[in-house]
**Q** 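First the structure, then my questions, so here it is.
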Amino acid sequence: MSAQDDLPELLGDCVHCGFCLPTCPTYVLWGEEMDSPRGRIHLMQQHIEGAPLNAPMVQHFDQCLGCMACVTACPSGVQYDRLIETTRAEVEREHPRSLKERAVRGAIFRLFPYRRRLRALRGPLRAYQKSGLDRLVRRSGVLERVSPSVAAMERLAPPLGKAPRLPEFVAARGERRATVGMLTGCVQGEFFPGVNAATARVLALEGCDVVIPKHQGCCGALSLHSGREDEARAFARRTVETFESADVIVVNSAGCGSAMKEYRALLADDPSWAARAEALSARTRDLAEFLVELGPRAERRPLPVTLAYHDACHLSHAQGVRAQPRALLGGIPELTVVEIAEPDLCCGSAGTYNLLQPEAASALGDRKAVNVDATGAELLVAANPGCSMQIATALQRRGAHIAVAHTAQVLDASLRGLGRDALVGRTS
């Protein structure tokens, strides 16, 4: 049975109780019923009863971040994640988008899932940043007038330095406890290579042989969460082939890990791939999830830092990984972890959302930045590259000088005894 065939039954699970409303970022922003999960489910019901996918209806679906906070909050077990992904696939099949929308979406999906194309962009982007032109362009507002989406891409790009390249194999330090495959990701690999390097070192220091396939490609997360099902399936099949021999696949990007755990559903109707996809999903672990299962062995050295931990939506809501990162950070001597107000409210990154819906994304980013700044922390830690870019940009707009790092980088600094300066020098 296809996901589309499941839709009426899935819609029937919603009792319209409203528990989802205060958790939904767009409802919190606008107070509009049709921009809440309950309202969007009502629109989905209208569509399967014959209402066309007209522009206003599609706009409400497009404005959903897909953050899954409503899934966590729902007392009735509504599978809104499946509902919105199925609906978005239907939108992409049935709804004719404007020329401008097609151009922007085409550019995004011809660039971001392809490591070589992102790598080719690094050199010119790095030169542009070093020249100071970026500050001039932002002050002029010219990109905003050309395209808000293009302006968002430019604004969100992190400062780029030299990119360390990982070998295909990193040997365990000391006695080997496990052998893992490591996903390097597209945006993570090219825009945050230091996160991948830290991840490989931490795994090795904890006794893991780390296998990093050279020719791995995109996992399909951006495509899957945007309704581009055929594209997502193609990426998923390639990823299954690449990591099929791995006992465990460790992922350090929340969106990627969530997508790979969804392969079992994405390829369920393909007889040639269903069992293989199910097996890979079962062996996929977020970095924090895996390290907690493995248990600590390497010595943790003191890190006198106060940090705020941000729950990435596709880690906390989609994967249910909340306690593990906090447990890892809590095991580091002299490290203080403080909580952020409204922790379940999305930062506005949401895959491609901050590119396709930049105004709403900026409002959510600013709200998150206010809450981060209020903690008094000197470091923000997130486990997703999109969140890191989104919140760093919002903190910069606010004038808040707070460093941003990944959980792997904090652990790496502790295990190698690098001290606080290795982290707090990485300002947003």
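Fair warning: this is a prediction, and the values are worked out from it, not measured in the lab.
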**Q** Work out which heavy atom in H310 is nearest to a heavy atom in A382; give both atom names and the distance.
**A**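 Where H310 meets A382 most closely, the heavy atoms are CD2-CB, 3.9 Å.
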**Q** Treating E49 as the side-chain partner and Q46 as the backbone partner, does any N or O pair qualify as donor plus acceptor under 3.5 Å?
**A**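 A pair under 3.5 Å: no.
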**Q** Please find the pair of heavy atoms, one from Q390 and one from S362, that lie closest to each other, and give the distance.
**A** NE2-N, 4.4 Å
**Q** Verify the distance criterion only: is there a donor paired with an acceptor across the side chains of S223 and E231 at less than 3.5 Å?
**A**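 A pair is found: one side chain offers a donor N or O, the other an acceptor, under 3.5 Å apart.
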**Q** Heavy-atom distance under 4.5 Å between the side chains of C74 and C20, does that happen here?
**A**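 Sidechains of C20 and C74: no contact.
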**Q** Please tell me if the side chains of L203 and V170 come closer than 4.5 Å, counting only heavy atoms from C-beta onward.
**A** no
**Q** Looking only at heavy atoms, which two atoms of M182 and V210 are closest? And how far apart?
**A**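 Nearest pair, atom of M182 first, then V210: CB-CG1, 3.8 Å.
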**Q** Of the options Q188, M260, H406, which is the one that meets S253 in a side chain to side chain contact (heavy atoms under 4.5 Å, CB included)?
**A** Q188
**Q** For C64 and Y80, what are the C-alpha separation, side-chain angles and deciding distance, and is it a side-chain contact (heavy atoms from CB on, under 4.5 Å)?
**A** CA-CA 11 Å; C64 172; Y80 183 82; 3.3 Å; yes
**Q** Under the side-chain hydrogen bond (donor to acceptor under 3.5 Å, both in side chains) criterion, do T87 and R82 qualify, and how do the steps go?
**A** CA-CA 8 Å; T87 300; R82 291 184 63 192; over 6 Å; no
**Q** For residues P358 and P148, report the shortest heavy-atom separation together with the two atoms involved.
**A**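 Scanning both residues, the minimum pair turns out to be CG-CB, 3.8 Å.
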**Q** Report yes if some heavy atom in the side chain of C186 is under 4.5 Å from a heavy atom in the side chain of F112; otherwise report no.
**A**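 They are not in side-chain contact.
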**Q** Work out which heavy atom in G255 is nearest to a heavy atom in A221; give both atom names and the distance.
**A** O-CB, 3.6 Å
**Q** Whether R88 and E92 form a salt bridge (side-chain N of Lys/Arg under 4.0 Å from carboxylate O of Asp/Glu) is what I want to check.
**A** no
**Q** What distance do L53 atom CG and M44 atom CE have between them, rounded to the nearest 0.5 Å?
**A**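 That separation rounds to 10.5 Å.
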**Q** Looking only at non-hydrogen atoms, find the nearest pair between P37 and C70 and report the distance.
**A**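 Here P37 and C70 meet closest at CG-CB, 3.5 Å.
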**Q** Are any non-hydrogen side-chain atoms of L294 and R177 less than 4.5 angstrom apart?
**A**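 Yes, close enough: below the 4.5 Å cut-off.
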**Q** Could you check whether E339 pairs with R326 (Lys NZ or Arg NE/NH1/NH2 to Asp/Glu carboxylate O, under 4.0 Å)?
**A** yes
**Q** Is it the case that the side chain of H314 and the backbone of A318 share a donor-acceptor pair, with hydrogens and angles ignored and the cut-off at 3.5 Å?
**A** no
**Q** Take a 6.0 Å sphere around CD of E359 and say whether it holds more than 12 heavy atoms from other residues, nucleotides or ligands.
**A** no
**Q** Looking just at side-chain N and O atoms, do R115 and T184 make a donor-acceptor pair shorter than 3.5 Å?
**A** yes
**Q** Drop me the distance from I48's CD1 to T86's OG1, to the nearest 0.5 angstrom.
**A** 11.5 Å
**Q** Determine whether a donor-acceptor pair (N or O, by modelled atom type, separation under 3.5 Å) exists between the side chain of S140 and the backbone of V137.
**A** yes
**Q** Heavy-atom distance under 4.5 Å between the side chains of D286 and V251, does that happen here?
**A**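 They are not in contact (no side-chain heavy atoms under 4.5 Å apart), so the answer is no.
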**Q** What do the steps show when you test Q129 against D134 for side-chain hydrogen bond (donor to acceptor under 3.5 Å, both in side chains), and what is the final call?
**A** CA-CA 6 Å; Q129 291 176 341; D134 55 343; 5.5 Å; no
**Q** So L224 and L266, side-chain contact (heavy atoms from CB on, under 4.5 Å) or not? Walk me through it.
**A** CA-CA 8 Å; L224 174 62; L266 182 64; 3.7 Å; yes
**Q** Would you compute the distance between atom CG of L356 and atom OG of S226 and round it to the nearest 0.5 angstrom?
**A**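 Reported to 0.5 Å precision, the distance equals 7.0 Å.
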**Q** Between atom CD of E289 and atom CD of Q319, what is the distance when rounded to the nearest 0.5 Å?
**A**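 If I round to the nearest 0.5 Å, the distance is 6.5 Å.
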**Q** Answer yes when R138 and E154 have at least one side-chain N-carboxylate O distance shorter than 4.0 Å, and no when they do not.
**A** yes
**Q** Whether R165 and E190 form a salt bridge (side-chain N of Lys/Arg under 4.0 Å from carboxylate O of Asp/Glu) is what I want to check.
**A** yes
**Q** Mind checking the CG-CG spacing from L328 to L291? Nearest 0.5 Å is all I need.
**A** 5.5 Å
**Q** Consider salt bridge (Lys or Arg N to Asp or Glu O under 4.0 Å). Of R238, R276, R283, which one does E244 pass it with?
**A**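 When salt bridge (Lys or Arg N to Asp or Glu O under 4.0 Å) is applied between E244 and each of R238, R276, R283, only R276 qualifies.
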**Q** Decide, yes or no, whether a salt bridge links D62 with R97 under the criterion of side-chain N to carboxylate O below 4.0 Å.
**A** yes
**Q** Is a side-chain donor-acceptor pair under 3.5 Å present for T199 with N252?
**A**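 Note: N252 and T199 side chains meet the donor-acceptor criterion.
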**Q** Does K368 use its side chain to pair, donor to acceptor, with the backbone of L345 at less than 3.5 Å?
**A** yes
**Q** Hey, does the side chain of S76 reach the backbone of V78 with a donor-acceptor pair shorter than 3.5 angstrom?
**A** no
**Q** Are H47 and E94 packed together at the side-chain level, in the sense that at least one heavy-atom pair is separated by less than 4.5 angstrom?
**A** yes
**Q** Does I340 form a side-chain contact (heavy atoms from CB on, under 4.5 Å) with Y309? I'd like the steps, not just the answer.
**A** CA-CA 7 Å; I340 302 168; Y309 179 75; over 6 Å; no
**Q** Between the side chain of S281 and the main-chain N/O of E278, is any donor-acceptor distance below 3.5 Å?
**A** no
**Q** Any side-chain heavy atom of L11 sitting closer than 4.5 Å to one from L83?
**A**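 Yes. Closest side-chain heavy atoms under 4.5 Å.
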**Q** Within 45° of the axis and under 6.0 Å from the centre of the six-membered ring of F109, does NZ or CZ of R228 qualify?
**A**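 Yes, a cation-pi geometry holds between R228 and F109.
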**Q** Does this structure show an ion pair linking D230 with R93, if we count only N-O contacts that are shorter than 4.0 Å?
**A** no
**Q** Between R237 and D270, is the closest basic N to carboxylate O distance under 4.0 Å?
**A** yes
**Q** Between D366 and R397, does any NZ, NE, NH1 or NH2 come within less than 4.0 Å of an OD or OE carboxylate oxygen?
**A** yes
**Q** Does one side chain, of Q63 or D35, offer a donor that lies under 3.5 Å from an acceptor on the other?
**A** yes
**Q** Does D311 use its side chain to pair, donor to acceptor, with the backbone of S316 at less than 3.5 Å?
**A** no
**Q** Any chance CZ of R119 has more than 12 other-residue heavy atoms, nucleotides or ligands included, within less than 6.0 Å?
**A** yes
**Q** With distance as the sole test, does S36 use its side chain to make a donor-acceptor pair with the main-chain N or O of G39 at under 3.5 Å?
**A** yes
**Q** How long is the straight-line distance from CG of N354 back to CE of M389, given to the nearest 0.5 Å?
**A** 7.0 Å
**Q** Look at the side chain of R38 and the backbone N and O of E33, then say whether any donor-acceptor pair between them is shorter than 3.5 Å.
**A**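 No, because the side chain of R38 does not come within donor-acceptor range (under 3.5 Å) of the backbone of E33.
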**Q** Tell me, with the steps shown, if H16 and H42 meet ring-ring contact (aromatic ring centres under 6.0 Å, His included).
**A** CA-CA 9 Å; H16 303 279; H42 180 70; 7.0 Å; no
**Q** If we ignore hydrogens and angles and just use 3.5 Å, is the side chain of Y114 paired with the main-chain N or O of G217 as donor and acceptor?
**A** no
**Q** Would you check if I212 and F169 make a side-chain contact, meaning some heavy-atom pair closer than 4.5 Å?
**A** no
